[in-house]
Amino acid sequence: MKALSVDKLSFSYNKKESLLDNISFELEEGRILCILGPNGSGKTTLIHEILYPGKKNASKIELFGEKVCDIPYSDVSKSIGYVPQQIVPVNVSVIQTVVMGRTPYKKKLFSKFSPDDYIVAYDALEQMGIKHLAEKTLECLSGGEVQRVFIAQSIVKNAKLYVFDEPMAALDPEYQTEFLRLIKWLSENGKTVIFTTHNPNHLFALQDAEAALIDTNHKLHRFAAVSDELLTKTEEIYNYSMTVKFDENGRAFAVFDMKESGI
């Protein structure tokens, strides 16, 4: 089954400048899609329009075979786990933040979370390696720790589609690796994952992930797997010389030529 279908989606803040231009793609259930693109290309705007489409785009997006405009909001909320790029820490505890991800499953909006909800929340914190931070408030945490809290919040939804916008931007190398393992685990368990990044190595590390590149003209280029065409397009879009090498297991990784930067 197709988890997501996008058909000729466009978006602009004014009639003169288009931020998304006639974008179409499909993603099968259980697959991983990595979206690459330079700053300002429209990655975050694309994510936002998929999750919160305006009137013009609502009929152009299908989620698990149904048009988003025809699906009740409560069902959409259960189906999608989302972590935005920009998160503002507030004076709320980590455990309360994570358990809020269980809100779509509450029988009444203002009822208390159940003991089972808290068990799920603590399990997610442990999975993200931050269970020891459960009683701390978000404003006391580092940027990377806050990012991991909200990833945990998305996990407790047990959603069918997970969308992460620049999820590794604030993570150190160890937790970038852990996050990529999490993405792979979600996919192996039948979940569909979309994430944005600037680093092609995040795509290469997942090996069988699919790729989408958004260029500076806000057009999307789709690739089913890592290929010479993908590598050439990546170099072109980022305007940087990139050498692809392979480790002893045959996995690709990119090395960027810093000499061309003039530093």
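No hydrogens, no waters, no symmetry mates; every other heavy atom, side chains included, goes into these values.
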With F25 via ring-ring contact (aromatic ring centres under 6.0 Å, His included) - residues at least two apart = none
Under the ring-ring contact (aromatic ring centres under 6.0 Å, His included) test, residues paired with H218 that sit two or more places apart = none
Identify, with sequence neighbours excluded, every residue that meets side-chain hydrogen bond (donor to acceptor under 3.5 Å, both in side chains) alongside E62.
-> none
Only pairs at least two apart or in different chains count here, so list each salt bridge (charged side-chain N to carboxylate O under 4.0 Å, His left out) that has a residue in residues 170-186.
-> E178-R181
Which atom pair, heavy atoms only, marks the closest approach of S10 to D21?
-> OG-C, 3.8 Å
Which residue pairs pass the ring pair (Phe, Tyr, Trp, His ring centres under 6.0 Å) test when at least one of the two sits in residues 142-178, sequence neighbours left out?
-> F164-F179
Enumerate the residue pairs fulfilling ring pair (Phe, Tyr, Trp, His ring centres under 6.0 Å) with a member in residues 33-53, sequence neighbours excluded, ordered by first and then second residue.
-> H48-Y52
When the side chains of residues 72-90 are checked against the rest of the protein, which donor-acceptor pairs come out under 3.5 Å, sequence neighbours left out?
from	atom 1	to	atom 2	distance (Å)
S79	OG	D75	O	2.9
Q85	NE2	T44	OG1	3.1

Donor-acceptor list for residues 136-144 side chains, cut-off 3.5 Å, not counting sequence neighbours:
from	atom 1	to	atom 2	distance (Å)
S142	OG	E145	N	3.2
S142	OG	E145	OE1	3.4

Judged by atom type as modelled, is there a donor-acceptor pair below 3.5 Å linking the side chain of T192 to the main-chain atoms of G30?
-> yes
Pairs where [range] contributes a residue and the test side chain to side chain donor-acceptor pair (under 3.5 Å) is met, not counting sequence neighbours:
range: residues 151-161; result: N158-K191
range: residues 117-130; result: Q96-Y118, R102-D117, S114-D117, Y122-E135
range: residues 31-43; result: R31-E210, N39-H198

With sequence neighbours excluded, residues passing salt bridge (charged side-chain N to carboxylate O under 4.0 Å, His left out) with E66 = none
